[in-house]
Amino acid sequence: EKQRRTRNFAIVAHIDHGKSTLADRILELTDTVAKRDMQDQILDNMDLERERGITIKLNAVELTYHAKDGVDYVFHLIDTPGHVDFSYEVSRSLAACEGALLVVDATQGVQAQTLANVYLAIDDDLEIIPVINKIDLPSAEPEKTKKEIEDVIGLDTSDAVEISAKSGFGVEDLLEEIVQKIPAPKGDIEAPLKALVFDSIYDDYRGVVLSVRLYDGVVKPGDKIRLMNSGSEYEVTEVGVNSPKPLQRTYLMAGDVGYITASIKDITKTRVGDTVTDADHPTEKALPGYREMIPMVYAGLYPTDNAKFDDLREALEKLKLNDASLEFEPESSEALGFGFRCGFLGLLHMDVVQERLEREFGLDLITTAPSVTYHVDLNDGSTIEVENPSEMPDVSSIKDIKEPFVKASIMVPNDYVGAVMEMCQDRRGQFVTMEYLDDARVNVIYQMPLSEIIFNFFDKLKSSTHGYASLDYELSEYRQSDLVKVDILLNGDKVDALSFISHKQFAAGRSREIVKKLKGIIPRQNFEIPIQAAIGATIIARTNIKAYRKDVTSRIHTGDPDRRAKLLEKQKRGKKRMKAVGKVDIPQEAFMAVLQTD
Ligand code: GDP
Ligand code: MG
């Protein structure tokens, strides 16, 4: 029967170790995608993924593998992202599988997200096949990489497969290994329908499209289904699989990974992690679902055009279907008007959300300076959570402020340990321990304030180790720190969306840098604009943006018509991601200036 011929697996690895390229080769070898339709990283189908060369979303495909034993096996392969901000996508993918391919780049060895992702797979009791990739490269060290996998992770590598995802070498052997080692799904086809929603997306015509893994039962068009979490019921209009284009099917059965549509228009009724069952013969217990993600950073999202507030709300609700880790609630800013305070898993996630909202929903947005969540103990004995720096109460009412700390693990070659430790120390890190991975690399563990790690730590780490360091972190606890709120004043007016929280020791230095940055970013006006940074009523840094000279403007108006049109066009484009605050136009970069200080 079909279940015995099914294999469900995810591909996990550190970023750039070759997951998406391996998925390409598998699709090619199994003739899932015709040669003429083939392109690199074909599953990275979002423009944003292709432009940046990274996987952001999980992608599930069905394919048929004609094995050496003469049997046709049905594979459901899920490609996953490697960046720490998107580990939620990985954990959801793994819950739909019986096995995982752990891809490790033989020139790089075990890296921070190799560990983080393999632990997720181990927690889910998946069968793990170690895959040593990039063995075509002269610098590849497959034996050393295997030893690392054994020593650091504790996985047996006697059955590891050595491949080149680029050339295709070894991939055929890997496919056989998948058949042999990854268990077939065990579900009861006769039992009531029980399916896990591991992803979803909103389609203007079909409503919500649910990505599901069936554990028990069968589902087909016309069936009445119930989403167990919300209790809402629908009639199934279509079921199918992605291969990688959507293919309609007459039914899906236990063990299958595919999609269901049911004219679900009310997007608030669906949630990733929910269980789908038969409305007339419901299963007794829902599947465990997913744990809620705790956002690491918060930022305000504002439409550049205030009239687009409702459009932004609708866009956020629809995007949340496809990005369950996104959180938002309305907020308002004196400077920016009405918008939403959003929670993200990291800065890359924040950047991706802003881009997706703009591209997929045609909005123009401003994101404000990101911030972590502070726990503030007040003198009256109460404690509040502050996600927006401008809402930090007056110093006179504060007893103490606690900030989130993370356990950061940094894998780095011996030669760079000194540089890494210095960087961590400079950012208020506290050394915890150091573990040797092999004779040339160590895993350095620090307790660090989350704010110091989120704001440009990673880029600095990469550049000071020539790209050899990898970083993973997890929230550990809240600790009291000596923190102050710094306000930024433009033309004498406080711009609430530019306020930030800083350690007292860094406040003056950072303020001077930010004020200087803003001077370079905010366009000149026909009057002078003072920029000031202040703690309470005390100014700690200041500079002026000079007024532009008269002749500069007149040139715009007298130039030849072609040139004038170009200038106007340029100005119009420049308007994008710009917000008028009082008499001053503030471009998007200004809100990010706080991130780029040393
Ligand atoms: P992912 O982030 O794990 O999905 O990695 P990608 O599949 O996007 O690959 C990252 C980079 O490594 C791309 O430039 C690939 O062309 C390259 N790459 C992947 N596999 C191999 C391989 O086997 N050999 C070589 N030389 N390069 C590879
Ligand atoms: Mg990828």
Side-chain angles (χ1 to χ4, degrees), residues 9-29 32-33 38-61 77-94 97 100-118 120-121 128-146 149 160-175 177 199 242 244 323 346 348-349 352 411 458 462 467-468 470-472:
F9 60 94
I11 309 181
V12 299
H14 189 72
I15 197 158
D16 277 348
H17 280 203
K19 294 173 292 291
S20 300
T21 307
L22 173 58
D24 288 350
R25 288 299 85 72
I26 295 179
L27 293 184
E28 216 172 62
L29 269 172
T32 308
V33 180
M38 199 59 207
Q39 46 177 329
D40 285 351
Q41 284 99 24
I42 191 165
L43 293 185
D44 290 343
N45 49 22
M46 243 155 61
D47 287 346
L48 203 56
E49 293 180 312
R50 305 200 68 83
E51 281 164 29
R52 300 196 182 195
I54 55 165
T55 308
I56 293 166
K57 283 295 302 173
L58 65 89
N59 266 298
V61 279
L77 167 166
I78 307 185
D79 185 21
T80 65
H83 193 281
V84 57
D85 282 14
F86 305 120
S87 64
Y88 194 44
E89 296 285 319
V90 180
S91 60
R92 298 206 322 275
S93 306
L94 293 172
C97 296
L101 310 184
L102 177 70
V103 177
V104 185
D105 181 335
T107 69
Q108 304 249 307
V110 172
Q111 296 290 339
Q113 267 78 47
T114 315
L115 267 190
N117 289 330
V118 79
L120 291 175
I128 298 164
I129 302 180
V131 179
I132 316 298
N133 190 27
K134 306 200 188 180
I135 60 159
D136 58 293
L137 292 173
S139 54
E141 297 184 278
E143 290 312 316
K144 192 174 161 201
T145 304
K146 281 191 213 168
I149 295 176
V161 191
E162 294 182 19
I163 66 160
S164 164
K166 193 164 193 173
S167 75
F169 175 88
V171 178
E172 191 85 53
D173 295 338
L174 176 59
L175 295 177
E177 180 108 353
D199 202 8
N242 295 309
D323 183 350
L348 179 62
H349 184 215
V352 163
M411 295 191 178
F458 191 54
K462 280 276 174 197
Y468 282 118
S470 61
L471 163 75
D472 189 47

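For ligands, and for the atoms within them, numbers begin at 1 and follow the listed sequence. Counting begins at 1 with the first residue of the sequence. Everything numeric in this text was worked out from a predicted model, so none of it was measured.
- Thr80 and Ser93 form no side-chain donor-acceptor contact under 3.5 Å, judged by distance and modelled atom types alone.
- Of all atoms in ligand 1, numbered sequentially from 1 with element shown, those under 4.0 Å from a heavy atom of Ala165 are 20 (N), 22 (C), 23 (O).
- In this structure, of Ile11, Thr21, Leu43, Thr107, the residue bringing a heavy atom nearest to atom 15 (C) of ligand 1 is Thr21.
- Among the atoms of Gly18, some N or O lies under 3.5 angstrom from an N or O of ligand 1.
- In terms of protein heavy-atom proximity, atom 27 (N) of ligand 1 is nearest to Lys166 CD, 3.6 Å.
- Taking CG of Leu174 as the reference point, atom CD of Glu162 lies at 12.0 Å (rounded to 0.5 Å).
- Shortest contact from atom 18 (N) of ligand 1 to any protein heavy atom: Lys134 CE, 3.6 Å.
- Note that CG of Asn242 is 12.5 Å distant from OG1 of Thr32, once rounded to the nearest 0.5 Å.
- Within a 4.0 Å radius of atom 2 (O) of ligand 1, the protein contributes one or more non-hydrogen atoms.
- Less than 4.0 angstrom separates some heavy atom of Leu137 from each of these atoms of ligand 1: 26 (N).
- Residue-to-ligand polar distances keep Ile15 apart from ligand 1: every N/O pair is separated by 3.5 Å or more.
- Panel note: side chain Glu177, backbone Asp173; no donor-acceptor pair is recorded below 3.5 Å.
- At least one donor-acceptor pair closer than 3.5 Å links the side chain of Glu49 to the backbone N or O of Ile56.
- The nearest heavy-atom contact from the protein to atom 14 (O) of ligand 1 is Gln41 NE2, 4.9 Å.
- To the nearest 0.5 Å, atom OG of residue Ser87 and atom CZ of residue Arg92 are 10.5 Å apart.
- Atom CG of Leu101 and atom CG of Asp79 lie 10.5 Å apart (nearest 0.5 Å).
- Side-chain N or O atoms of Asp85 include one that pairs as donor or acceptor with a backbone N or O of Leu348 at under 3.5 Å.
- Rounding to the nearest 0.5 angstrom, the gap separating the CD1 atom in Ile26 from the OG1 atom in Thr21 is 11.0 Å.
- Counting only protein N, O or S atoms closer than 2.8 Å to the Mg ion (ligand 2) gives 2.
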Acceptor/donor pairs from residues 12-19 side chains to any protein atom, 3.5 angstrom cut, sequence neighbours excluded:
unit_1, atom_1, unit_2, atom_2, d
His14, ND1, Gln113, N, 3.1
His14, ND1, Gln113, OE1, 3.3
His17, ND1, Asp105, N, 3.2
Lys19, NZ, Ala13, O, 3.3
Lys19, NZ, His14, O, 3.1

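- Looking at His17 against ligand 1, only its backbone comes within 4.0 Å, counting heavy atoms.
- Heavy-atom contacts from other residues, nucleotides or ligands closer than 6.0 Å to OH of Tyr468 number 12 or fewer.
- At a cut-off of 3.5 Å, with distance as the only test, no side-chain donor of Glu141 or Thr107 sits close to an acceptor on the other residue.
- When each atom of ligand 1 is checked for a heavy atom of Asp136 under 4.0 Å away, the hits are 22 (C), 23 (O), 24 (N), 25 (C), 26 (N).
- Proximity of Asn133 to ligand 1, defined as any heavy-atom pair under 4.0 Å, is confined to the side chain (atoms from C-beta onward).
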